[in-house]
Amino acid sequence: MLRAQRGSGSRDRDQLSDAAAPRLPYQTRTMQALGLDFAVESDDPRFIEHVERLFVALPDGRSPTLTARWTASSHTTGRVRVEVGDALAMSAGRPGHAVTSLLWHLNRAVVAASTSRWLLIHAAAARRDASFVVLAAPTESGKSTTVAGLVQSGWSYVTDEMVAVDRASLTVTPYPRPMCLDPGSWPVLADLHPCPTEYELGQWHVPPTRAAEPGTPTIVVFPAYRRGARSAMEPIRPAEAVRLLVESTFGFLDAPTANLTALASLVRGARCRRLVIGRLSDAVRLLDELVAEHAPTPTIQRGRNT
Amino acid sequence: VTTARRPARRTDLVVEELDGELVVLHPEDHTLHVLDGTATVLWKVVDGASTIAEIAADVSEVFGIPLARAQNDVGAFVTEMDRLGLLAT
(Lines give C-alpha, C1' and ligand atoms only; values in the text may rest on other atoms or scores of the structure.)
Protein backbone atom coordinates (compact mmCIF):
# COMPACT_ATOMS: atom_id res chain seq x y z
CA MET A 1 0.00 0.00 0.00
CA LEU A 2 2.98 2.28 0.39
CA ARG A 3 3.09 4.85 -2.34
CA ALA A 4 6.26 6.75 -2.83
CA GLN A 5 4.84 9.50 -4.99
CA ARG A 6 7.82 11.73 -5.18
CA GLY A 7 6.73 14.38 -7.61
CA SER A 8 4.10 12.24 -9.25
CA GLY A 9 0.99 12.59 -7.14
CA SER A 10 -2.54 12.53 -8.40
CA ARG A 11 -4.15 15.65 -9.71
CA ASP A 12 -6.53 15.72 -6.74
CA ARG A 13 -3.68 15.74 -4.35
CA ASP A 14 -1.87 18.36 -6.32
CA GLN A 15 -4.95 20.51 -6.11
CA LEU A 16 -5.11 20.04 -2.36
CA SER A 17 -1.51 20.97 -1.77
CA ASP A 18 -0.69 24.61 -1.61
CA ALA A 19 2.50 26.57 -1.82
CA ALA A 20 2.87 26.79 1.97
CA ALA A 21 2.78 23.04 2.44
CA PRO A 22 5.08 21.23 0.05
CA ARG A 23 4.11 17.65 -0.39
CA LEU A 24 6.03 15.03 1.49
CA PRO A 25 7.46 12.13 -0.46
CA TYR A 26 5.38 9.30 1.00
CA GLN A 27 1.62 9.12 1.18
CA THR A 28 -1.04 6.71 2.21
CA ARG A 29 -3.98 5.93 -0.02
CA THR A 30 -6.93 8.22 0.47
CA MET A 31 -9.13 6.70 3.16
CA GLN A 32 -12.74 7.30 4.07
CA ALA A 33 -13.71 7.70 7.71
CA LEU A 34 -17.47 8.35 7.66
CA GLY A 35 -17.82 11.80 6.08
CA LEU A 36 -14.11 12.50 5.95
CA ASP A 37 -11.74 11.55 3.16
CA PHE A 38 -8.20 11.85 4.39
CA ALA A 39 -4.64 10.86 3.67
CA VAL A 40 -1.43 10.92 5.65
CA GLU A 41 1.92 11.97 4.26
CA SER A 42 5.36 11.82 5.73
CA ASP A 43 9.06 11.87 5.08
CA ASP A 44 9.28 8.51 6.86
CA PRO A 45 8.19 5.60 4.68
CA ARG A 46 7.96 3.24 7.66
CA PHE A 47 5.48 5.54 9.35
CA ILE A 48 3.31 5.52 6.24
CA GLU A 49 3.44 1.71 6.13
CA HIS A 50 2.41 1.68 9.78
CA VAL A 51 -0.53 4.01 9.20
CA GLU A 52 -1.67 1.91 6.26
CA ARG A 53 -1.69 -1.15 8.53
CA LEU A 54 -3.62 0.67 11.26
CA PHE A 55 -6.34 1.89 8.95
CA VAL A 56 -6.51 -1.21 6.79
CA ALA A 57 -10.25 -1.66 7.45
CA LEU A 58 -11.22 1.82 6.28
CA PRO A 59 -12.62 1.95 2.76
CA ASP A 60 -10.94 3.93 0.01
CA GLY A 61 -11.88 7.57 -0.23
CA ARG A 62 -11.89 9.77 -3.25
CA SER A 63 -9.86 12.94 -2.91
CA PRO A 64 -8.69 13.91 0.56
CA THR A 65 -10.37 16.87 2.18
CA LEU A 66 -7.85 16.62 4.98
CA THR A 67 -4.20 15.68 4.94
CA ALA A 68 -2.19 14.82 8.03
CA ARG A 69 1.54 15.42 7.81
CA TRP A 70 4.12 13.67 9.92
CA THR A 71 7.70 14.91 9.60
CA ALA A 72 10.90 14.68 11.53
CA SER A 73 11.35 18.06 13.20
CA SER A 74 14.81 17.12 14.40
CA HIS A 75 16.75 14.20 13.06
CA THR A 76 19.27 14.47 15.85
CA THR A 77 16.76 14.23 18.70
CA GLY A 78 14.25 12.10 16.86
CA ARG A 79 11.46 14.59 17.57
CA VAL A 80 8.57 14.77 15.15
CA ARG A 81 6.10 17.31 13.95
CA VAL A 82 2.50 16.37 13.29
CA GLU A 83 0.02 18.57 11.45
CA VAL A 84 -3.57 17.60 10.84
CA GLY A 85 -5.09 19.86 8.25
CA ASP A 86 -4.35 23.37 9.39
CA ALA A 87 -3.82 22.35 13.00
CA LEU A 88 -0.41 21.77 14.49
CA ALA A 89 -0.89 18.63 16.55
CA MET A 90 2.69 18.30 17.82
CA SER A 91 5.64 20.53 17.07
CA ALA A 92 8.43 18.48 18.61
CA GLY A 93 6.81 15.40 20.03
CA ARG A 94 8.10 11.96 20.72
CA PRO A 95 7.43 9.58 17.85
CA GLY A 96 5.66 7.32 20.31
CA HIS A 97 2.92 9.87 20.77
CA ALA A 98 2.44 10.46 17.07
CA VAL A 99 -0.27 7.89 16.43
CA THR A 100 -2.27 8.82 19.53
CA SER A 101 -2.10 12.47 18.53
CA LEU A 102 -3.03 11.67 14.95
CA LEU A 103 -6.03 9.61 16.03
CA TRP A 104 -7.27 12.28 18.41
CA HIS A 105 -7.15 15.01 15.80
CA LEU A 106 -8.56 12.71 13.17
CA ASN A 107 -11.54 11.94 15.38
CA ARG A 108 -12.30 15.62 15.73
CA ALA A 109 -12.15 16.04 11.99
CA VAL A 110 -14.39 13.01 11.44
CA VAL A 111 -16.98 14.43 13.84
CA ALA A 112 -16.89 17.81 12.13
CA ALA A 113 -17.29 16.22 8.71
CA SER A 114 -20.02 13.78 9.70
CA THR A 115 -22.52 15.29 12.15
CA SER A 116 -24.78 16.70 9.49
CA ARG A 117 -25.17 13.33 7.78
CA TRP A 118 -25.22 10.96 10.76
CA LEU A 119 -26.25 10.88 14.36
CA LEU A 120 -22.89 10.29 16.06
CA ILE A 121 -22.84 8.46 19.38
CA HIS A 122 -19.72 8.21 21.50
CA ALA A 123 -19.81 4.45 21.62
CA ALA A 124 -18.17 1.23 20.56
CA ALA A 125 -20.02 -1.38 18.54
CA ALA A 126 -19.71 -4.92 17.28
CA ARG A 127 -21.84 -7.30 15.34
CA ARG A 128 -22.50 -11.03 15.44
CA ASP A 129 -24.81 -12.23 12.66
CA ALA A 130 -28.06 -10.30 13.08
CA SER A 131 -27.14 -9.03 16.54
CA PHE A 132 -25.64 -5.58 16.60
CA VAL A 133 -24.53 -4.24 19.95
CA VAL A 134 -23.78 -0.61 20.77
CA LEU A 135 -21.72 0.10 23.89
CA ALA A 136 -22.33 3.72 24.86
CA ALA A 137 -20.43 5.31 27.70
CA PRO A 138 -18.02 8.09 28.59
CA THR A 139 -14.28 7.68 28.20
CA GLU A 140 -12.61 5.22 30.57
CA SER A 141 -15.76 3.12 30.96
CA GLY A 142 -14.37 0.10 29.18
CA LYS A 143 -15.85 0.51 25.71
CA SER A 144 -12.71 -0.25 23.75
CA THR A 145 -11.72 -3.10 26.03
CA THR A 146 -15.14 -4.67 25.80
CA VAL A 147 -15.38 -4.39 22.05
CA ALA A 148 -11.88 -5.84 21.74
CA GLY A 149 -13.02 -8.73 23.92
CA LEU A 150 -16.03 -9.24 21.68
CA VAL A 151 -13.82 -9.24 18.58
CA GLN A 152 -11.59 -11.85 20.21
CA SER A 153 -14.73 -13.88 20.85
CA GLY A 154 -15.68 -13.87 17.17
CA TRP A 155 -17.76 -10.71 16.80
CA SER A 156 -17.15 -8.39 13.86
CA TYR A 157 -15.71 -4.99 14.62
CA VAL A 158 -17.69 -1.83 13.94
CA THR A 159 -15.87 0.83 15.95
CA ASP A 160 -14.41 1.54 19.36
CA GLU A 161 -15.18 5.24 19.35
CA MET A 162 -18.04 6.53 17.27
CA VAL A 163 -21.28 4.93 16.16
CA ALA A 164 -22.70 6.67 13.09
CA VAL A 165 -26.45 6.19 12.79
CA ASP A 166 -28.50 7.19 9.78
CA ARG A 167 -31.36 9.14 11.34
CA ALA A 168 -33.98 7.78 8.92
CA SER A 169 -33.06 4.12 8.51
CA LEU A 170 -31.16 3.70 11.83
CA THR A 171 -28.45 1.87 9.90
CA VAL A 172 -24.98 2.17 11.38
CA THR A 173 -22.06 2.80 9.06
CA PRO A 174 -18.91 1.27 10.54
CA TYR A 175 -15.97 3.45 11.53
CA PRO A 176 -13.33 0.74 11.94
CA ARG A 177 -10.40 2.76 13.15
CA PRO A 178 -7.76 0.82 15.10
CA MET A 179 -8.84 -0.25 18.56
CA CYS A 180 -7.11 1.95 21.13
CA LEU A 181 -6.24 0.01 24.26
CA ASP A 182 -4.86 1.60 27.40
CA PRO A 183 -2.40 -0.23 29.68
CA GLY A 184 -5.13 -1.28 32.12
CA SER A 185 -6.59 -3.64 29.56
CA TRP A 186 -3.34 -5.08 28.26
CA PRO A 187 -3.17 -8.04 30.66
CA VAL A 188 -6.61 -9.31 29.63
CA LEU A 189 -6.05 -8.71 25.94
CA ALA A 190 -2.48 -9.95 25.67
CA ASP A 191 -3.27 -11.85 22.47
CA LEU A 192 -3.91 -8.55 20.73
CA HIS A 193 -0.48 -7.15 21.57
CA PRO A 194 0.62 -5.45 18.35
CA CYS A 195 4.17 -5.68 17.11
CA PRO A 196 6.03 -2.99 19.05
CA THR A 197 6.92 0.05 16.99
CA GLU A 198 8.57 3.33 17.76
CA TYR A 199 5.26 5.00 16.96
CA GLU A 200 3.34 3.67 19.92
CA LEU A 201 3.92 4.64 23.50
CA GLY A 202 1.45 4.11 26.30
CA GLN A 203 -1.37 2.82 24.11
CA TRP A 204 -1.88 -0.17 21.87
CA HIS A 205 -3.43 0.50 18.48
CA VAL A 206 -4.84 -2.73 17.15
CA PRO A 207 -6.05 -2.76 13.56
CA PRO A 208 -9.10 -4.90 12.93
CA THR A 209 -8.66 -7.56 10.31
CA ARG A 210 -11.99 -6.56 8.78
CA ALA A 211 -15.00 -4.40 9.46
CA ALA A 212 -18.54 -5.52 10.04
CA GLU A 213 -21.22 -4.88 7.49
CA PRO A 214 -23.56 -1.97 8.22
CA GLY A 215 -26.52 -2.90 10.41
CA THR A 216 -29.20 -1.68 12.75
CA PRO A 217 -28.53 -1.84 16.50
CA THR A 218 -30.44 -4.59 18.29
CA ILE A 219 -28.79 -4.19 21.69
CA VAL A 220 -27.75 -1.00 23.47
CA VAL A 221 -25.48 -1.45 26.46
CA PHE A 222 -24.18 1.10 28.92
CA PRO A 223 -20.95 -0.37 30.29
CA ALA A 224 -19.11 0.73 33.39
CA TYR A 225 -15.86 -0.85 34.47
CA ARG A 226 -15.59 -1.44 38.20
CA ARG A 227 -12.38 -2.98 39.41
CA GLY A 228 -13.03 -6.11 41.42
CA ALA A 229 -16.77 -6.07 40.84
CA ARG A 230 -18.74 -9.06 39.66
CA SER A 231 -19.77 -8.57 36.04
CA ALA A 232 -23.52 -8.17 35.84
CA MET A 233 -26.11 -7.01 33.37
CA GLU A 234 -29.58 -5.68 34.04
CA PRO A 235 -32.32 -4.06 31.96
CA ILE A 236 -32.52 -0.30 31.83
CA ARG A 237 -35.71 1.66 31.27
CA PRO A 238 -35.96 2.82 27.65
CA ALA A 239 -36.52 6.47 28.59
CA GLU A 240 -33.41 6.38 30.76
CA ALA A 241 -31.52 4.75 27.88
CA VAL A 242 -32.51 7.62 25.62
CA ARG A 243 -31.33 10.12 28.23
CA LEU A 244 -27.95 8.42 28.48
CA LEU A 245 -27.61 8.24 24.70
CA VAL A 246 -28.33 11.96 24.45
CA GLU A 247 -25.42 12.54 26.83
CA SER A 248 -23.22 10.42 24.56
CA THR A 249 -24.24 12.08 21.30
CA PHE A 250 -21.75 14.35 19.57
CA GLY A 251 -23.34 17.70 18.74
CA PHE A 252 -26.79 16.68 19.97
CA LEU A 253 -27.95 20.29 19.97
CA ASP A 254 -27.02 20.77 16.33
CA ALA A 255 -30.27 19.00 15.44
CA PRO A 256 -32.00 18.28 18.76
CA THR A 257 -35.41 17.27 17.46
CA ALA A 258 -34.12 14.97 14.74
CA ASN A 259 -31.50 13.52 17.07
CA LEU A 260 -33.97 12.83 19.88
CA THR A 261 -36.44 11.24 17.50
CA ALA A 262 -33.73 9.01 16.05
CA LEU A 263 -32.44 7.98 19.48
CA ALA A 264 -35.95 7.13 20.66
CA SER A 265 -36.53 5.03 17.53
CA LEU A 266 -33.21 3.30 18.03
CA VAL A 267 -34.07 2.43 21.64
CA ARG A 268 -37.55 1.19 20.72
CA GLY A 269 -35.97 -1.34 18.38
CA ALA A 270 -33.30 -2.55 20.79
CA ARG A 271 -32.89 -4.27 24.11
CA CYS A 272 -31.19 -1.93 26.57
CA ARG A 273 -28.97 -3.05 29.41
CA ARG A 274 -26.57 -1.71 32.01
CA LEU A 275 -23.38 -3.71 32.16
CA VAL A 276 -21.05 -3.69 35.12
CA ILE A 277 -17.70 -4.99 33.96
CA GLY A 278 -15.54 -6.70 36.51
CA ARG A 279 -13.78 -9.35 34.48
CA LEU A 280 -13.75 -8.88 30.73
CA SER A 281 -14.36 -12.55 30.01
CA ASP A 282 -17.51 -12.50 32.14
CA ALA A 283 -18.79 -9.36 30.41
CA VAL A 284 -18.26 -10.95 26.99
CA ARG A 285 -20.03 -14.10 28.17
CA LEU A 286 -23.01 -12.06 29.36
CA LEU A 287 -23.30 -10.37 25.98
CA ASP A 288 -22.96 -13.69 24.17
CA GLU A 289 -25.72 -15.12 26.38
CA LEU A 290 -27.96 -12.13 25.71
CA VAL A 291 -27.56 -12.69 21.99
CA ALA A 292 -28.16 -16.42 22.34
CA GLU A 293 -31.38 -15.85 24.32
CA HIS A 294 -32.90 -14.07 21.38
CA ALA A 295 -31.32 -15.94 18.53
CA PRO A 296 -33.85 -17.39 16.09
CA THR A 297 -34.46 -21.08 16.64
CA PRO A 298 -33.20 -23.14 13.72
CA THR A 299 -36.00 -24.90 11.89
CA ILE A 300 -35.96 -27.80 9.48
CA GLN A 301 -38.17 -27.42 6.50
CA ARG A 302 -38.96 -30.71 4.80
CA GLY A 303 -39.79 -31.09 1.18
CA ARG A 304 -38.19 -27.81 0.17
CA ASN A 305 -35.05 -29.25 -1.36
CA THR A 306 -34.53 -28.39 -4.95
CA VAL B 1 -50.89 26.82 42.75
CA THR B 2 -54.64 27.26 43.05
CA THR B 3 -56.91 24.32 42.49
CA ALA B 4 -58.94 26.37 39.99
CA ARG B 5 -56.01 26.65 37.59
CA ARG B 6 -56.24 24.77 34.32
CA PRO B 7 -52.63 23.76 33.65
CA ALA B 8 -51.64 23.07 30.07
CA ARG B 9 -48.57 21.53 28.49
CA ARG B 10 -46.44 23.67 26.22
CA THR B 11 -47.11 22.78 22.65
CA ASP B 12 -43.58 23.36 21.37
CA LEU B 13 -41.88 20.59 23.32
CA VAL B 14 -40.26 17.58 21.70
CA VAL B 15 -41.75 14.55 23.42
CA GLU B 16 -40.99 10.87 22.98
CA GLU B 17 -42.89 8.17 24.85
CA LEU B 18 -41.16 4.91 25.63
CA ASP B 19 -42.73 2.15 27.67
CA GLY B 20 -45.05 4.49 29.55
CA GLU B 21 -42.40 7.08 30.31
CA LEU B 22 -41.69 10.34 28.58
CA VAL B 23 -38.52 12.01 27.40
CA VAL B 24 -39.17 15.72 27.05
CA LEU B 25 -36.84 18.18 25.37
CA HIS B 26 -37.26 21.84 26.25
CA PRO B 27 -37.19 23.85 23.02
CA GLU B 28 -35.33 26.85 24.40
CA ASP B 29 -32.84 25.77 27.03
CA HIS B 30 -32.56 22.27 25.49
CA THR B 31 -32.71 20.55 28.83
CA LEU B 32 -33.90 16.98 28.73
CA HIS B 33 -36.37 15.59 31.25
CA VAL B 34 -37.46 12.03 31.88
CA LEU B 35 -40.96 11.70 33.34
CA ASP B 36 -41.64 8.43 35.15
CA GLY B 37 -44.87 6.49 34.84
CA THR B 38 -46.88 8.50 37.36
CA ALA B 39 -45.68 11.83 36.01
CA THR B 40 -46.50 10.65 32.50
CA VAL B 41 -50.10 9.89 33.52
CA LEU B 42 -50.44 13.39 34.95
CA TRP B 43 -48.69 14.95 31.97
CA LYS B 44 -51.30 13.56 29.63
CA VAL B 45 -54.18 15.15 31.52
CA VAL B 46 -52.75 18.64 31.92
CA ASP B 47 -54.28 19.75 28.64
CA GLY B 48 -55.76 23.06 29.72
CA ALA B 49 -59.28 21.64 29.86
CA SER B 50 -59.39 20.46 33.49
CA THR B 51 -58.71 22.26 36.73
CA ILE B 52 -56.23 20.95 39.25
CA ALA B 53 -59.20 20.12 41.48
CA GLU B 54 -60.82 18.07 38.72
CA ILE B 55 -57.58 16.28 37.88
CA ALA B 56 -57.02 15.50 41.56
CA ALA B 57 -60.52 14.08 41.86
CA ASP B 58 -59.88 11.80 38.88
CA VAL B 59 -56.50 10.73 40.26
CA SER B 60 -58.10 9.99 43.63
CA GLU B 61 -60.71 7.80 42.01
CA VAL B 62 -58.49 6.00 39.52
CA PHE B 63 -55.62 5.29 41.90
CA GLY B 64 -57.78 4.81 44.99
CA ILE B 65 -55.97 7.35 47.10
CA PRO B 66 -57.44 9.98 49.43
CA LEU B 67 -58.49 13.21 47.70
CA ALA B 68 -56.25 15.34 49.90
CA ARG B 69 -53.22 13.30 48.92
CA ALA B 70 -54.20 13.46 45.25
CA GLN B 71 -54.51 17.24 45.47
CA ASN B 72 -51.07 17.42 47.05
CA ASP B 73 -49.53 15.18 44.40
CA VAL B 74 -51.11 17.02 41.47
CA GLY B 75 -50.20 20.39 42.97
CA ALA B 76 -46.61 19.27 43.45
CA PHE B 77 -46.48 17.96 39.89
CA VAL B 78 -47.76 21.23 38.45
CA THR B 79 -45.30 23.21 40.57
CA GLU B 80 -42.43 21.06 39.33
CA MET B 81 -43.51 21.31 35.69
CA ASP B 82 -43.76 25.09 36.11
CA ARG B 83 -40.26 25.15 37.56
CA LEU B 84 -38.94 23.21 34.58
CA GLY B 85 -40.75 25.52 32.18
CA LEU B 86 -42.76 22.74 30.61
CA LEU B 87 -46.22 24.26 31.07
CA ALA B 88 -47.80 27.06 29.10
CA THR B 89 -47.95 30.33 30.94
Side-chain angles (χ1 to χ4, degrees), chain A residues 111 115-116 119-123 134 136-138 165-170 216-222 224 233-274 290 294, chain B residues 7-48 50 55-56 58-59 62-65 70 72-89:
Chain A
V111 169
T115 46
S116 61
L119 168 74
L120 298 179
I121 305 171
H122 187 202
V134 170
V165 184
D166 181 274
R167 293 180 182 88
S169 68
L170 304 181
T216 305
T218 58
I219 299 170
V220 177
V221 173
F222 300 93
M233 193 155 56
E234 62 179 23
I236 182 171
R237 300 187 337 268
E240 179 65 6
V242 169
R243 189 186 68 78
L244 292 172
L245 286 174
V246 167
E247 289 181 357
S248 295
T249 298
F250 291 97
F252 175 81
L253 293 179
D254 293 345
T257 301
N259 287 341
L260 181 61
T261 301
L263 288 174
S265 298
L266 189 154
V267 165
R268 285 190 189 100
R271 286 167 281 151
C272 301
R273 300 287 188 274
R274 280 190 198 277
L290 182 64
H294 294 265
Chain B
R9 304 180 294 268
R10 287 176 65 138
T11 56
D12 55 354
L13 303 168
V14 183
V15 181
E16 291 288 344
E17 181 166 1
L18 299 106
D19 271 14
E21 296 190 330
L22 294 180
V23 180
V24 181
L25 179 68
H26 194 289
E28 287 157 7
D29 64 16
H30 295 121
T31 51
L32 196 74
H33 306 283
V34 175
L35 305 190
D36 65 15
T38 304
T40 297
V41 169
L42 293 176
W43 178 258
K44 290 179 176 176
V45 295
V46 290
D47 56 3
S50 305
I55 294 169
D58 288 345
V59 167
V62 170
F63 291 97
I65 61 174
N72 268 345
D73 289 351
V74 175
F77 171 78
V78 169
T79 301
E80 179 65 5
M81 294 301 104
D82 273 336
R83 188 182 71 78
L84 299 176
L86 300 181
L87 296 180
T89 53

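The sequence lines fix the lettering, A, B, ..., with proteins before strands; numbering per chain opens at 1.
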Of the backbone (N, CA, C, O) and the side chain (C-beta and beyond), which part of A:L260 lies under 4.5 Å from a heavy atom of chain B, both, or neither?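 A:L260 touches chain B through backbone and side-chain heavy atoms alike.
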Measure distances from A:S265 to the heavy atoms of chain B and classify the residue's part below 4.5 Å as side chain, backbone, both or neither.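 Interface part for A:S265: neither.
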Report the residues that fulfil side chain to side chain donor-acceptor pair (under 3.5 Å) with A:D166, sequence neighbours left out, ordered by chain and then residue number.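 Applying side chain to side chain donor-acceptor pair (under 3.5 Å) to A:D166 gives A:S169.
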Look only at the side chain of A:R237 and the backbone of B:L18, and say whether a donor-acceptor pair between them is shorter than 3.5 Å.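 Pair absent, no side-chain N/O of A:R237 close to backbone of B:L18.
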B:E21, B:E17, B:H33: which one forms the most heavy-atom pairs within less than 4.5 Å of chain A?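 Among B:E21, B:E17, B:H33, the one with the most close pairs to chain A is B:E21.
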Between B:V34, B:L22, B:D36, which shows the greatest number of heavy-atom pairs under 4.5 Å with chain A?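 Sorted descending by pairs with chain A, the first entry is B:V34.
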A:P238 versus B:D19, closest heavy-atom pair with distance: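 Scanning both residues, the minimum pair turns out to be CG-OD2, 3.6 Å.
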Listed by residue number, which members of residues 24-32 of chain B have a heavy atom under 4.5 Å from any heavy atom of chain A?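 At a heavy-atom separation under 4.5 Å, chain A is reached by B:L25, B:H30, B:L32.
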Residue by residue, scan residues 8-16 of chain B and write down, ordered by number, those that have a heavy-atom distance under 4.5 Å to chain A; if none do, write 'none'.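 At a heavy-atom separation under 4.5 Å, chain A is reached by B:V14, B:E16.
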Just to verify, what does B:A76 make a side-chain contact (heavy atoms from CB on, under 4.5 Å) with, not counting sequence neighbours?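 Scan of B:A76 (side-chain contact (heavy atoms from CB on, under 4.5 Å), adjacent residues dropped) gives none.
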